[in-house]
Amino acid sequence: MSHLPKEALQNNIGALMLLKNETSAAKERFYAAILTKKNWLRRSSLADLIPDTMCPKVDVEPSGLIWFEKRLYKETLQCSHRNDVLDTILPFGMEYFQYPIRVTSFCDARIAAGINLALVLLRESKHNFEDIIRLLKWAIGLDFEDTHDKFENENIDQLLIAIAHSNIGVIRFMQHNLKAAVQNLSKATSILSDAIQNSQRHPRNPWSVINTPIDYVKLTIMMNHVHLAIRTNDDHTRKYYDSLLSAVNTLSHKSFYRIKWLIAVSTFFIKGLINQSEEHFSEAFECYNKMLHITRKEWGHNHRHVAKLLEHKGTVQFDQKKYQNAMLSYLASWKIYQHAGCTLDESRLLYAIGRTLHDREEFSDALGMYQKSIALRETIDCSSKKMKVDAIEILCNICRVQRIMGDLPNALETNLRVVQLASEMVGGSEAASSHAFVRNRMMILGNLYVEMGQLPEAMEIFSQVARGNRDGNSMIISHARPELEDVDTNAFTVRAAERLGKLGTLKPHAAAA
């Protein structure tokens, strides 16, 4: 240990402090590992992530660092390493690598310090995800313009590269950027496989990381990869899951406290997701029930993990058309989210309850739930594409229910909001006029004008639709009535409103998924 470079010693001291949950002191050590003279050329790319008040002690004598590290190591043997902060942030079934990394070389120290510092910043819950991704990319030497690895041919521990890619993939997943997440997690899985094969060829000293639980690394990356494969409907999902189960059966959960929990998640929750995606609803429901029992025992009855499992149970029961049971599961989940102050999750559950009431044809109650759901979303910054699409989905069902109940003026107003939001998403009036979803909603808008007897307004709307380019690229999944989805809008004439006026009110449609 006396031959470790100063950068590695600073990082390792920070990692041991992080194991003791001394976050502020650990952060200062990670900055010290990064801001050494050898790394000075890269300081400018991280300058905005370094607080003005942070003055890490860079020029410390190695002998003092060695003594301090040994003392900290003895202390960490006597304390609990548990830290559950990220379990209130991460999506259930995705794992951000949480074991503080210690290393033996200068080059690995820079990577480890970047990964460790990113963990601290994520736990603080006040930093932009893009800044954390930028830090992780800096740590492993990735250009911001392309994805060529600058350290590919250098003597570094490939486990660190795999961990960084996995962490980036998890954050991309949280940003709903599934395409980028797939790239990072596929890269992490590939690097991990190569690193394990290399370790088998060189069993004496395969890793330069110190005491990092390899079982935790394997389980984290493989579970994340399978979860993402389920979400993206990957054809090889079952193959990936079989590999995960094979690995699970060989793991020891004694090296890090999170391994036991992740084994349960992989065995029951991930399996439940696969069964649900394959419409094996009874098997999925059984998996969720088993996972729910474990989760309540581990986290208590009011944890957000419990709420998520209850939500999944409700979804399975809804798909089985067991609406009363689905309602009870959704309500129990919603209560937990409401108590925890999770506004977005609360809105999502209110929408799910509204859908259930909608399919039970309890339209007045369904409308109330939809309106509460959209009202909550309006209190949140809806800048992301997914947030806007979700809001549009809720508004479409509000419009549908209002139309069923004969409240045409409010249905018209709601649909106008849908058209406005969708038009903004696709780039304005000209682009909107050629967009399939926007044209679809304008068709419904025209029909509403017809039903209200406002034929001139209806004719104007149908004329706008007819002038649109029928080859527009769809960016939003349409939740409108399918019989209107593929209408040849260019076939409409100026008398379309009068002809449609003779059709009367069309049959109501069920809730959108």
Side-chain angles (χ1 to χ4, degrees), residues 350-351 353-378 388-425 429 432-433 435-468 476-489 491-513:
L350 287 170
Y351 175 67
I353 294 168
R355 281 184 57 209
T356 308
L357 291 166
H358 193 158
D359 276 36
R360 291 175 62 176
E361 298 187 355
E362 299 177 22
F363 299 124
S364 180
D365 291 338
L367 179 61
M369 289 298 175
Y370 288 151
Q371 289 172 331
K372 288 179 181 178
S373 176
I374 197 66
L376 281 175
R377 284 184 179 271
E378 288 172 349
K388 291 178 180 178
V389 171
D390 289 345
I392 287 172
E393 184 178 42
I394 298 169
L395 289 170
C396 285
N397 274 338
I398 290 175
C399 175
R400 188 172 290 111
V401 173
Q402 289 170 331
R403 192 176 181 185
I404 290 171
M405 296 174 66
D407 188 0
L408 299 182
N410 280 325
L412 180 69
E413 182 180 346
T414 302
N415 200 63
L416 282 169
R417 287 182 64 188
V418 173
V419 172
Q420 181 181 359
L421 285 173
S423 298
E424 291 174 357
M425 283 193 68
S429 57
S433 64
H435 194 281
F437 178 82
V438 177
R439 293 202 317 272
N440 201 314
R441 298 311 303 184
M442 291 182 71
M443 290 278 297
I444 294 173
L445 187 62
N447 287 339
L448 285 167
Y449 277 126
V450 170
E451 292 174 30
M452 294 173 67
Q454 300 180 22
L455 297 187
E457 290 83 353
M459 290 170 63
E460 175 60 28
I461 292 296
F462 289 130
S463 296
Q464 290 180 32
V465 174
R467 290 193 296 268
I476 305 174
I477 299 174
S478 175
H479 303 287
R481 298 193 354 247
E483 61 267 30
L484 293 179
E485 189 106 350
D486 298 318
V487 172
D488 182 359
T489 54
F492 279 87
T493 68
V494 291
R495 299 190 61 188
E498 287 91 332
R499 291 204 304 272
L500 286 172
K502 298 176 183 179
L503 297 178
T505 303
L506 298 175
K507 183 179 179 180
H509 193 263

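Keep in mind that this is a model prediction, so the values were computed, not measured.
Between Glu451 and Arg403 there is a salt bridge, with a side-chain nitrogen of the basic residue lying less than 4.0 Å from a carboxylate oxygen of the acidic one.
The shortest non-hydrogen separation linking Phe363 to Val401 is O-CG1, 3.4 Å. Considering all non-hydrogen atoms of both residues, Gly446 and Ala458 come closest at O-CB, 3.6 Å.
Counting heavy atoms from C-beta outward, Lys388 and Leu421 have side chains that stay 4.5 Å or more apart. In this structure, the side chains of Met425 and Val389 come closer than 4.5 Å at one or more pairs of heavy atoms. Contact annotation: the side chain of Leu357 never approaches that of Tyr370 to less than 4.5 Å [non-hydrogen atoms, C-beta and beyond]. By the 4.5 Å heavy-atom criterion applied to side chains, Arg441 and Cys396 are counted as neighbours. Side-chain contact between Arg400 and His358 is present, with heavy atoms from C-beta onward closer than 4.5 Å.
Of the listed residues (Asp407, Asn410, Thr414, Asn397), just one forms a side chain to side chain donor-acceptor pair (under 3.5 Å) with Gln402, and that residue is Thr414.
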Problem - Residue pair Leu412, Leu408: steps toward the side-chain contact (heavy atoms from CB on, under 4.5 Å) verdict - result: CA-CA 6 Å; Leu412 180 69; Leu408 299 182; over 6 Å; no
Exercise for the section: Take Phe462 and Met442 through the test side-chain contact (heavy atoms from CB on, under 4.5 Å) and record every step on the way to the result. Expected result: CA-CA 8 Å; Phe462 289 130; Met442 291 182 71; over 6 Å; no
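Rounding to the nearest 0.5 Å gives a distance of 11.0 Å between SG of Cys399 and CG of Leu367. Distance check, rounded to the nearest 0.5 Å: CG of Asn440 to NE2 of His435 gives 11.0 Å. Rounded to the nearest 0.5 Å, atoms OH (Tyr351) and CD (Glu393) are 3.5 Å apart. In this structure, the separation between CD1 on Ile374 and CG on Asp390 is 9.0 Å, given to the nearest 0.5 Å. Rounding to the nearest 0.5 angstrom, the gap separating the CG atom in Leu395 from the CZ atom in Arg417 is 5.0 Å.
Ser373 places no side-chain N or O within 3.5 Å of a backbone atom of Met369 that could act as its donor or acceptor partner.
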